[in-house]
Protein chains: 2
Amino acid sequence: MAIEIKITLNEGLYLKEPQESALGRNIIRHSILMIDEFGFEAFTFKKLARVINSTEASIYRYFENKHLLLLYLVNWYWEWVHTLIAINTMNISDPNKRLKIIIRSLVSASEDNPGVEFVNESILHSIVISEGGKAYHTKDVDDENSKGFFMSYKNLANTVSKVISEINPKFKYPYALATNLFEMTNNHIYFAKHLPRLTDISVKENDLNEVEKMLNYFTDKLLK
Amino acid sequence: MAIEIKITLNEGLYLKEPQESALGRNIIRHSILMIDEFGFEAFTFKKLARVINSTEASIYRYFENKHLLLLYLVNWYWEWVHTLIAINTMNISDPNKRLKIIIRSLVSASEDNPGVEFVNESILHSIVISEGGKAYHTKDVDDENSKGFFMSYKNLANTVSKVISEINPKFKYPYALATNLFEMTNNHIYFAKHLPRLTDISVKENDLNEVEKMLNYFTDKLLK
DNA sequence: TCGAAAGAATAGTAATACTATCGAAAGATA
DNA sequence: TATCTTTCGATAGTATTACTATTCTTTCGA
């Protein structure tokens with residue numbers, strides 16, 4: 001039984017649905033690879049066009065600018081994690097177990113999970129770790145927020161906060177704990193790799209076990 | 001008794017010490033105001049030059065590029081917070097009390113505290129909240145880290161982690177908790193303002209009391 | 001087979017992120 | 001007082017970025 005994943009994103013993020021054409025899928029596939037390789041600031045539509053044997057103008061038919069493309073990718077990521085969490089917690093009634101599965105999904109969603117052919121989820125996670133914050137740290141946050149460009153992230157926060165409240169209905173900060181789990185996951189993977197003195201954990205050869213343990217330790221203590 | 005604060009920063013961050021000339025201080029003063037007003041991406045040396053009645057080339061004599069200027073400002077901020085914490089916890093032996101003072105300093109360092117004439121610490125905090133992450137989310141992290149460009153932040157993390165370990169020597173994640181306090185502070189101030197569904201607290205008229213309460217609640221639970 | 005849409009090719013523009021050179025002025029030194 | 005040096009303003013120039021616009025060919029669906 002193969003599970004088909006179809007990701008649906010806010011229509012304002014793109015000018016033309018990239019999933020529905022070979023060029024569009026190529027834009028997604030290679031923008032992920034290139035942003036990961038060169039970083040978001042060095043990434044340009046012109047360079048991407050060269051790599052996929054197309055033109056700058058053609059890419060502009062799909063995305064208004066590179067910021068919206070990043071937003072598209074980041075939303076994709078959170079939407080995908082949300083879908084996986086939904087699948088993996090489907091038949092589990094114990095909220096404690098569900099939160100553990102959520103944490104595992106946040107840390108290593110890309111391992112052994114069904115994905116989409118033209119998206120390398122593991123590299124996409126790298127991008128979200130390194131560049132994700134730039135998606136919402138912009139002068140246009142309020143405007144973009146009103147258009148629903150952060151919905152995927154907010155929906156996931158909502159889902160996770162409900163599980164938290166189920167575990168401990170008296171806990172006063174379910175949303176803060178949820179978003180903190182997201183931010184902490186990605187921050188500490190980044191710290192372990194680049195700024196190890198900012199964390200206590202280490203990540204050897206992409207073994208994210210220590211991150212997962214730390215997040216479980218934090219939530220257990222907080223929700224007791 | 002007036003307290004004189006002198007901030008010393010890594011020399012690699014600038015080409016010429018900006019604190020020592022009127023032009024240099026003008027660059028600092030107005031870059032803070034302009035980055036806050038227009039955001040980091042829209043901020044350019046050309047625009048800054050126009051505002052301070054100088055030239056692009058003159059600004060380039062002080063800073064290699066705008067990224068290093070941001071790094072300078074962010075380091076300044078953490079160095080300044082560190083100094084305040086050192087002053088305010090000086091005669092306090094109880095580590096629990098010291099951590100509370102640290103949290104208060106993180107949340108509202110700029111209130112009622114001595115500062116530097118040409119730096120608006122409150123606006124500088126705004127910049128660190130909105131743009132701070134961009135300082136270390138760059139393709140050159142490793143290189144910049146090796147030059148000590150993140151020292152101010154790491155030193156503060158070190159100081160705070162020691163207080164945490166003093167409170168509970170068995171707590172396994174003192175560094176992670178320290179950095180988490182920093183990140184959480186700034187994230188949730190930002191969320192409350194721009195993405196309220198990502199947090200449980202609210203910030204009315206710059207009253208950051210709820211942020212402080214939340215951070216105290218989290219640390220208390222974690223260190224018990 | 002006709003029409004519409006997709007996209008390749010090309011051109012062009014304003015702004016950005018610099019680099020380089022020159023000369024005036026101001027401050028320190030002898 | 002002469003001079004030496006550092007500072008900085010003025011000006012110019014370049015490669016790249018972030019777009020926009022137009023035209024022409026191909027393809028695909030009705």
Side-chain angles (χ1 to χ4, degrees), chain A residues 11-31 34-35 37-73 118 131 134-135 137-140 143-144, chain B residues 11-31 34-35 37-73 118 131 134-135 137-140 143-144:
Chain A
E11 290 184 12
L13 292 168
Y14 49 83
L15 297 170
K16 216 165 102 181
E17 168 65 81
Q19 294 182 71
E20 274 169 16
S21 75
L23 177 58
R25 289 186 292 269
N26 251 317
I27 292 171
I28 303 303
R29 168 184 275 128
H30 287 95
S31 63
M34 290 178 75
I35 292 172
E37 189 175 352
F38 308 113
F40 183 65
E41 352 312 302
F43 166 81
T44 71
F45 280 4
K46 193 164 222 158
K47 290 177 192 165
L48 173 60
R50 219 175 294 142
V51 167
I52 62 177
N53 266 308
S54 180
T55 61
E56 222 185 338
S58 298
I59 298 170
Y60 273 105
R61 289 213 182 84
Y62 284 84
F63 292 99
E64 242 179 281
N65 52 56
K66 71 171 182 173
H67 174 250
L68 283 175
L69 170 55
L70 178 65
L71 220 38
Y72 181 94
L73 296 177
F118 58 97
E131 320 282 359
K134 294 169 190 170
H137 282 114
T138 173
K139 262 291 149 186
D140 303 317
D143 180 46
E144 293 180 352
Chain B
E11 291 184 12
L13 292 168
Y14 49 84
L15 297 170
K16 218 165 101 180
E17 167 65 82
Q19 294 182 72
E20 274 168 16
S21 75
L23 177 60
R25 290 186 291 270
N26 250 317
I27 291 171
I28 303 303
R29 169 184 274 128
H30 286 95
S31 63
M34 289 178 75
I35 292 173
E37 188 175 352
F38 307 113
F40 183 64
E41 359 297 315
F43 166 80
T44 72
F45 280 4
K46 192 162 222 159
K47 290 177 192 166
L48 173 60
R50 218 175 294 142
V51 168
I52 63 177
N53 267 309
S54 179
T55 61
E56 222 184 338
S58 298
I59 298 171
Y60 273 105
R61 290 207 183 87
Y62 284 83
F63 292 99
E64 240 178 281
N65 53 54
K66 71 171 180 170
H67 174 249
L68 283 176
L69 170 55
L70 178 66
L71 220 38
Y72 181 95
L73 296 177
F118 58 95
E131 321 281 0
K134 294 169 190 170
H137 281 116
T138 174
K139 263 290 149 185
D140 303 318
D143 180 47
E144 292 180 354

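Below, chains carry the letters A, B, ... as their sequence lines are ordered, and counting in each starts from 1. Since this is a predicted model, take the numbers as computed values, not measurements.
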* Please report, rounded to the nearest Å, how far the C1' atom of C:dT19 is from the CZ atom of B:F63. => 19 Å
* To do: Measure from CG on B:L69 to P on C:dC18 and round the result to the nearest Å.
  => 12 Å
* Side chain of A:K66, backbone of A:F40: donor and acceptor closer than 3.5 Å? -> yes
* Asked: Just by modelled atom types, is the A:A42 backbone N or O under 3.5 Å from a matching donor or acceptor in the A:K47 side chain?
  -> yes
* Asked: Can you tell me if the side-chain N/O atoms of A:Y62 get under 4.0 Å from OP1 or OP2 in C:dA6?
  -> no
* Report the base-pairing partner of D:dG13 (Watson-Crick or G-U wobble, both distances below 3.5 angstrom), or none. => C:dC18
* For residues A:I28 and A:F63, determine if any side-chain heavy atom of one lies less than 4.5 Å from a side-chain heavy atom of the other. => yes
* Does any non-hydrogen side-chain atom of B:E41 lie less than 4.5 Å from one of B:K134? -> yes
* What's the shortest heavy-atom distance between A:Q19 and A:R25, and which atoms? -> O-NH1, 2.7 Å
* Which class fits the ring pair A:F43 and A:F45: parallel under 30°, tilted 30 to 60°, perpendicular over 60°? -> perpendicular
* To do: Go along nucleotides 9-30 of chain D 5' to 3' and tag each nucleotide: B for a protein heavy atom under 4.0 Å from its base, S when only backbone or sugar atoms are that close, - otherwise.
  => B-------SBBBB---------
